Amino acid sequence: MVAGGLLLPSAASAQQADGERLFRQRCGTCHSLEPGQNRVGPHLSGVIGRTSGSVEGARYSAALREAGIVWERGTLDSFLAAPRQRVPGTSMTVGVPNAAQRAAIIGYLEGAVAQ
Ligand code: HEC
């Protein structure tokens, strides 16, 4: 299997690297990308296409479990921009107000899923 990242044009690769760094800094304390490794938040392996609140063994708020959101670029973007506005009652309180940083993080999550 060829890693998707190798085929990306350089601008996208730079964004991917940026996304990885941002993910470590802003999300990694609470989220792992290893399946089954739930921290304060659920693991985010395969999060693209996943329904909200569906990781077994993760501690979710009732709000997120019942939200029925399918995570893809658009829904992740609005959730990460303002989690409690998108899902009132969610226990994830920290957002990423900067749109470029959100795009980089989401790009990284998309790439991480393809590997
Ligand atoms: C302080 C801890 C913390 C940080 C930092 C954090 N999260 Fe979360 N995240 C959570 C918790 C807790 C939940 C579960 C929320 C709930 O159940 O309402 C969650 C839920 C999520 C979900 C929904 C997952 C699912 O299975 O439905 C996504 C997607 C997500 N976080 C992405 C991110 C990203 C991307 C970042 C970094 C920009 C981030 N989170 C930073 C704690 C955190």
Side-chain angles (χ1 to χ4, degrees):
M1 190 174 90
V2 180
L6 298 175
L7 302 173
L8 293 171
S10 55
S13 302
Q15 200 196 45
Q16 184 84 0
D18 220 33
E20 182 172 2
R21 184 176 49 79
L22 286 165
F23 181 84
R24 286 217 191 96
Q25 290 172 349
R26 310 285 288 271
C27 324
T29 315
C30 299
H31 293 287
S32 163
L33 283 175
E34 294 294 320
Q37 276 193 22
N38 299 315
R39 297 184 179 159
V40 172
H43 77 76
L44 295 180
S45 165
V47 68
I48 308 290
R50 197 164 91 189
T51 303
S52 62
S54 64
V55 168
E56 217 172 298
R59 273 175 297 156
Y60 286 112
S61 63
L64 194 66
R65 241 185 286 118
E66 287 160 15
I69 299 166
V70 176
W71 296 122
E72 36 76 28
R73 183 162 278 271
T75 50
L76 280 170
D77 189 64
S78 61
F79 180 65
L80 294 179
R84 280 184 293 185
Q85 220 164 312
R86 180 70 178 80
V87 181
T90 181
S91 50
M92 176 163 143
T93 53
V94 285
V96 180
N98 182 299
Q101 292 185 344
R102 284 198 305 278
I105 290 169
I106 294 166
Y108 172 65
L109 288 174
E110 289 174 336
V113 166
Q115 279 162 24

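The structure displayed is predicted, hence computed values, not measured ones. Whatever order the structure lists ligands and atoms in, that order sets their numbers, starting from 1.
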* **Any Ser91 heavy atom less than 4.0 Å to ligand 1** => yes

* So, does Arg59 use its side chain to make a donor-acceptor pair with the main chain of Val40 at under 3.5 Å? -> no

Atom pairs and distances, side-chain donor-acceptor, residues 66-73, under 3.5 Å, sequence neighbours left out:
| from | atom 1 | to | atom 2 | distance (Å) |
| --- | --- | --- | --- | --- |
| Glu72 | OE1 | Gly74 | N | 2.9 |
| Arg73 | NE | Glu110 | OE2 | 3.3 |
| Arg73 | NH2 | Glu110 | OE1 | 3.0 |

* Is a side-chain N or O of Arg84 found less than 3.5 angstrom from the main chain of Gly95, in a donor-acceptor match? -> no

* Asked: Would you say Leu109 and ligand 1 have an N/O pair spaced under 3.5 Å apart?
  -> no

* List the closest protein heavy-atom neighbour of atom 22 (C) of ligand 1: residue, atom name, distance to the nearest 0.1 Å. => Phe79 CE2, 3.8 Å

* Identify the closest protein heavy atom to atom 5 (C) of ligand 1: which residue and atom is it, and at what distance? -> Arg26 O, 3.2 Å

* To do: With heavy atoms under 4.0 Å as the rule, classify the contact between Leu80 and ligand 1 as side chain, backbone, both or neither.
  => side chain

* Asked: Using a distance threshold of 2.8 Å, what protein N/O/S atoms lie below it relative to atom 8 (Fe) of ligand 1?
  -> His31 NE2, Met92 SD

* **Donor-acceptor contact present, side-chain Ser52 to main-chain Leu64, <3.5 Å** => yes

* Tell me: protein heavy atom nearest atom 29 (C) of ligand 1, and distance? -> Leu76 CD2, 3.4 Å

* Which of the ligand 1 atoms, numbered from 1, are nearer than 4.0 Å to a heavy atom of Ser52 -> 27 (O)

* Structure fact -> protein heavy-atom neighbour closest to atom 12 (C) of ligand 1 works out as Val40 O, 3.5 Å

* Structure fact -> For atom 26 (O) of ligand 1, the closest protein heavy atom turns out to be Tyr60 OH, 2.6 Å

* Heavy atoms of other groups near Gln25 CD, more than 12 under 6.0 Å -> yes

* Considering only heavy atoms of Thr90, which atoms of ligand 1 have at least one such atom less than 4.0 Å away? -> 15 (C), 16 (C), 18 (O)

* Could you check atom 17 (O) of ligand 1 against the protein and tell me its nearest heavy-atom contact, residue, atom and distance included? => Ser61 N, 2.7 Å

* Looking at ligand 1, does any of its N/O atoms fall within less than 3.5 Å of an N/O of Ser54? -> no

* At a 4.0 Å threshold, what atoms of ligand 1 neighbour a non-hydrogen atom of Val96? -> 38 (C)

* Measure Trp71 to ligand 1 on non-hydrogen atoms and call it side chain, backbone, both or neither using the 4.0 Å cut-off. => side chain

* Structure fact -> Heavy-atom closest pair (Met92 atom, Val94 atom, distance to 0.1 Å) is CE-O, 3.5 Å

* Give the contacting part of Val87 toward ligand 1: side chain, backbone, both or neither, where contact means a heavy-atom distance below 4.0 Å. => neither

* Could you tell me whether Arg50 and ligand 1 have an N or O pair separated by under 3.5 Å? => yes

